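Within every chain, numbering begins at 1; the chains are lettered A, B, ... in the order of the sequence lines, protein sequences first and strands thereafter. The model shown is predicted, which means the values in this text are computed figures rather than measured ones.
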Amino acid sequence: MAQQTLHKLFDDYLVRAPNFTRKDALQDTYTPNQVPHREEQINQLAQILVSALRGDKPSNVFIYGKTGTGKTLVTRYVGQELEKKAAAQKTALKTCYLNCKLEKINTAYRMFAHFLAQFGEEVPSTGLPTDEVYKLFIKTMHKKKGIFILILDEIDSLSDTDVLYNLSRINTELKDSRVSIVGISNDLSFTNNIDPRIKSSLSEEELVFPPYNATQLRDILSQRAEIALQKDILAADVIPKCAALAAQEHGDARRALDLLRVACELCERKGDTTIQLHHVDDAQQKLDIDRVVQVVKTQPRQSQLVLHSIIYLSDLNNEKIGTGDVYEVYQTFCKQSRLAPLTQRRVSDLISELDMLGVINASVISRGRYGRTRKIKLAMTGRALEKSRDILKGELS
DNA sequence: CTTCCACAGGAAGGTCTGGCGG
DNA sequence: CCGCCAGACCTTCCTGTGGAAG
């Protein structure tokens, strides 16, 4: 019985004309042939890096810009083109890309290990002293002569800035090889917090990527939709709407593409023939819920307990929730589930983390005579909140 | 003006897991 | 097996502070 309905589902799906011709064109891993509205940035970056083709070491570059402004895309694009050209004229040039955040590479050890892996040198994930890995990296660079452009994406999530110092000085230890660094960050204040000497050597050149405006986002979406989607399945206002919504969120192209892709998926799932505005609305909601659910699910137990405490207090429609209030409730929950409570200091950090993950809003306020604390509010509503509650109930039972 | 609350958040160090090479 | 290493996660101890109350 269940099998029959499943078969029917499969058949129905296959009978329908697919919305997508190339779904990956709407994913952020896709590198298009053209990068609209970033011509200027491409040119600037290319001009900086082009000296590599003559065998000189290009300046180190630092790229700033908010999420979804094309930093990664442009850098990869220029890197690829450069490698192609270099291969054609037999110049030894290699670009190595590393996203520091995605792969949880936030320490010197892991960064060098990752780069070494790209050169075919396997390094154990742990166990060796860091400077041994560093020495191996130098040695490998020595052996493979040429110019290496290391792209460090989301460089601000490197917790250990000493690495950057080592990297910036690495050329003094090399003879026939040169290493250039392209640092990418969406945190404009990042360089304020690091050693000015490191800063000056790492950002010999700086590029700033402005956010896209709604018109530009529309162009980007149209270009990708052409590749990714069947003709004539988009209602007229869908792309402008996606663009407008993403423009509100600091011109985030990734967000715009996500909206369009999820809208298509939802449309397909419902068996509708054209993508309408309400699909976009649903997509926006879904993206929001998915993000929250993902965060809540993957939190460690203690952090979930803290969040649970905040939700509990929030349900009592407590307007002003402070750290102390949360800690009190948290302790009683700990007793109930027979967990050893953490210290308030630690819980305070967990609250900060939840804030950074965007599931709560916490800001430091002063209540004068009654001390300084955080004002904590839930950052989720409706379905997202319900789902979170369910997850926590399940996980903490 | 000073006092003083209720924390924020830095620094240092401890403990445990998982993995190294010898 | 040992001694050592990196890193996640916590604790302990600490200094710093915005602004209402006195």
Non-hydrogen side-chain atoms of L152(A) and L164(A) separated by less than 4.5 Å: yes
Close residues, residues 339-346 of chain A, relative to DNA chain C [heavy-atom separation under 4.0 Å]: P341(A), L342(A), T343(A), R345(A), R346(A)
Cation-aromatic face contact R76(A)/Y97(A), 6.0 Å, 45 degrees: yes
Under 4.0 Å: is that the gap between some side-chain N or O of T323(A) and OP1 or OP2 of dA8(B)? yes
OH of Y327(A) versus P of dC10(C): gap in Å, rounded? 12 Å
Looking only at atom types and distance, does a side-chain atom of N60(A) sit under 3.5 Å from a main-chain N or O of S201(A), one as donor and one as acceptor? yes
Atom pair distance, as rounded to whole Å: CD1 in I376(A) and C1' in dA6(B): 13 Å
Please give, in whole Å, the distance from dA8(C) P to Y109(A) OH? 13 Å
What nucleotide among dT3(B), dA6(B), dG9(B) has an atom nearest to a side-chain atom of R369(A)? dT3(B)
Write down the distance between NZ (K375(A)) and P (dG18(C)), rounded to a whole number of angstrom. 18 Å
Between L257(A) and the options V262(A), L221(A), D28(A), the side-chain contact (heavy atoms from CB on, under 4.5 Å) test singles out L221(A)
Search all heavy atoms of K297(A) against all heavy atoms of Q304(A) and return the closest pair with its distance. O-NE2, 3.6 Å
Can you check the L136(A) CG to dG21(B) C1' distance for me, whole Å? 15 Å
So does R374(A) get a side-chain nitrogen or oxygen closer than 4.0 Å to the phosphate oxygens (OP1/OP2) of dG9(B)? yes
Ignoring backbone atoms, establish whether R110(A) has a side-chain N or O less than 4.0 Å from OP1 or OP2 of dA8(C). yes
From dA8(B), dA6(B), dA6(C), nucleotide with atom closest to R367(A) side chain: dA6(B)
Return the value, rounded to whole Å, for the distance between atom NZ of K320(A) and atom P of dC5(B). 21 Å
Considering only nitrogen or oxygen atoms on both sides, find all protein atoms under 3.5 Å from nucleotides 13-19 of chain B and state each distance.
{"residue": "dG18(B)", "atom": "N2", "partner": "T126(A)", "partner atom": "OG1", "Å": "3.1"}

Gap between atoms CD and C1', on E353(A) and dA8(B) respectively (whole Å): 15 Å
Is the side chain of S352(A) donor-acceptor paired with the backbone N or O of S348(A) at a distance under 3.5 Å, no angle test? yes
Does NZ or CZ of R38(A) fall inside the cone over Y212(A)'s six-membered ring, less than 6.0 Å from its centre and within 45° of the axis? yes
So if you build clusters from Ile, Leu, Val, Met, Phe, Trp, Tyr with side-chain heavy-atom gaps below 4.5 Å, do V35(A) and I220(A) land together? no
Without swapping roles, check the side chain of S177(A) against the backbone of M141(A) for a donor-acceptor pair under 3.5 Å. yes
Is any side-chain N of the basic residue among D325(A) and R374(A) closer than 4.0 Å to the acidic one's carboxylate O? no
Using a 3.5 Å limit on both pairing distances, list the dot-bracket string of DNA chain B from the 5' end; Watson-Crick and G-U wobble pairs count, crossing pairs take [ ], interstrand pairs take |. ||||||||||||||||||||||
Distance check needed: dA8(B) P versus D349(A) CG, whole Å only. 9 Å
As a quick check of understanding, evaluate side chain to side chain contact (heavy atoms under 4.5 Å, CB included) for I155(A) and L158(A), giving each step before the final call. CA-CA 6 Å; I155(A) 198 170; L158(A) 269 176; 4.0 Å; yes
Check the orientation of H308(A) and F333(A). Use parallel for under 30°, tilted for 30 to 60°, and perpendicular for over 60°. parallel
